[in-house]
Student: 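Shown below is the structure under consideration.
Predicted model only: the values in this text are computed from it and were never measured. The chains referred to below are lettered A, B, ... by the order of the sequence lines, with proteins before strands, and numbering in each begins at 1.
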Amino acid sequence: TYTYRSWISGLCLTGRVAEAKEFVDGLHRQDISLNEMCYSALLHGYCQAGRLEDALRTARDMVERGVNVDLVCYGVLMNGNLRNHDICGAFSLLDEMRDLRMRPGHVIYTSMIDAYGKSGKLDAAVETWEVMIGEGCRPNVVTYTALVNGLCKAGYIDKAELFMKEMLTTRCFPNTVTFGCVLDYLTTIGNMESAVQLHHAMREGLLTNNATYNMLIRGFCKLGKMQEASSVLAQMVESGLFPD
RNA sequence: ACUGAAAAUCCA
């Protein structure tokens with residue numbers, strides 16, 4: 001099963017869901033039963049390909065075969081529904097989980113907060129955050145970052161910084177992605193002075209990468225400041241990164 | 001242990 005899990009996951013990662021499905025069917029013909037990890041890999045493949053129907057059908061198949069649809073499987077399905085803007089589907093999954101007395105957990109809350117943030121519903125995102133806290137569920141760096149990203153994208157930079165300050169008091173320190181959200185905000189509104197300042201601080205903390213440099217360069221280019229952009233590019237190469 | 005799920009730029 002360990003081998004099959006990797007193989008199915010690998011096929012799906014390279015966009016070969018159909019082959020993964022055939023592989024699974026083949027195993028079933030040999031009366032080999034798969035565990036929930038193999039199935040979640042397949043579910044993930046379907047969701048990545050936007051084939052929600054097939055994913056749900058597979059989930060029903062799991063139930064029929066007596067395979068436990070665990071939290072990870074629900075997480076995959078939730079994320080697939082949310083990425084498809086299928087709020088109804090997402091809520092029916094939540095109901096289903098509630099009936100099974102399963103709690104969403106921080107990963108699923110992260111998906112929800114991220115989805116709300118990406119669609120500009122910051123009030124709903126924060127509300128979800130509070131429900132999560134109320135359940136005693138601890139957010140991690142990714143959860144915080146999803147919220148910070150939504151707040152930055154909506155222009156609530158002060159709110160975002162408030163949450164980042166809160167992170168410093170917990171065990172999850174803001175990482176490259178978290179700071180990247182703020183950096184993207186600054187470069188998007190053209191506040192390059194603050195952006196450069198932040199990037200400097202990030203560089204000291206070894207929190208820069210291709211993406212952060214890309215944001216800076218894009219910001220300068222958008223303002224027509226090609227001279228500045230080229231010096232950032234030079235520094236990028238100096239840092240041992242490979243511009244893409 | 002990036003092992004089956006979640007976060008930033010770009011990628012039409």
Side-chain angles (χ1 to χ4, degrees), chain A residues 1-13 17 20 24 34-48 55 58-59 62 67-83 90 93 97 102 104-118 125 128-129 132 137-153 157 160 163-164 167 172 174-188 195 198-199 202 207-222 229 232 236 241-244:
Chain A
T1 315
Y2 294 94
T3 317
Y4 296 146
R5 180 208 336 171
S6 302
W7 181 250
I8 293 168
S9 179
L11 284 175
C12 293
L13 274 180
V17 206
V24 167
L34 299 168
N35 63 12
E36 54 272 29
M37 297 187 189
C38 296
Y39 272 103
S40 67
L42 183 58
L43 293 177
H44 190 215
Y46 276 135
C47 288
Q48 294 271 69
T58 303
M62 290 176 70
V67 180
N68 179 38
V69 182
D70 68 5
L71 201 58
V72 174
C73 293
Y74 274 106
V76 173
L77 293 172
M78 272 296 288
N79 199 42
N81 275 353
L82 291 171
R83 281 192 352 173
L93 281 171
M97 291 175 63
M102 290 174 77
H106 66 285
V107 173
I108 290 181
Y109 278 123
T110 302
S111 289
M112 294 173 62
I113 290 165
D114 181 54
Y116 280 131
K118 281 190 165 69
T128 304
W129 178 275
M132 176 183 71
C137 183
R138 286 268 170 213
N140 66 7
V141 204
V142 181
T143 317
Y144 270 104
T145 302
L147 183 59
V148 166
N149 182 40
L151 292 169
C152 285
K153 290 280 194 296
I157 185 66
F163 276 102
M164 287 177 73
M167 293 178 76
C172 46
N175 62 17
T176 300
V177 179
T178 321
F179 283 116
C181 295
V182 178
L183 186 68
D184 181 57
Y185 166 79
L186 293 172
T187 58
T188 298
L198 174 59
H199 201 259
M202 289 169 68
L207 294 174
T208 55
N209 63 14
N210 260 345
T212 64
Y213 276 98
N214 287 342
M215 295 171 198
L216 268 191
I217 291 170
R218 195 204 49 177
F220 278 127
C221 289
K222 217 162 64 176
V232 173
M236 183 176 179
L241 295 173
F242 299 92
D244 49 9

Student: Using atom C1' in both nucleotides, what's the gap between rA8(B) and rG4(B) to the nearest angstrom?
Tutor: 24 Å

Student: Using the C1' atom as the point on both nucleotides, what is the distance between rC2(B) and rA7(B), in whole Å?
Tutor: 15 Å

Student: Do the side chain of Thr176(A) and the main chain of Leu207(A) share a donor and acceptor less than 3.5 angstrom apart?
Tutor: yes

Student: If the condition is side-chain hydrogen bond (donor to acceptor under 3.5 Å, both in side chains), which residues does Arg5(A) pass it with, not counting sequence neighbours?
Tutor: none

Student: Determine whether a donor-acceptor pair (one donor, one acceptor, N or O, separation below 3.5 Å) exists between the side chain of Asn35(A) and the base of rG4(B).
Tutor: no

Student: How would nucleotides 5-12 of chain B be written as a contact map, 5' to 3', with B for base contact, S for sugar-phosphate-only contact and - for no contact, using protein heavy atoms under 4.0 Å?
Tutor: BBBBBS--

Student: Taking only the C1' atom of each, what is the distance from rA5(B) to rU9(B) in whole angstrom?
Tutor: 23 Å

Student: Between Arg218(A) and Asp184(A) (salt bridge meaning N to carboxylate O under 4.0 Å), is one present in this structure?
Tutor: yes

Student: Can you check whether Arg83(A) reaches Gln48(A) side chain to side chain, under 4.5 Å on heavy atoms?
Tutor: yes

Student: Tyr213(A) and His199(A): aromatic ring centres closer than 6.0 Å?
Tutor: yes

Student: What closest approach, in Å, do Pro139(A) and Cys172(A) show between heavy atoms, and which atom pair accounts for it?
Tutor: O-SG, 4.2 Å

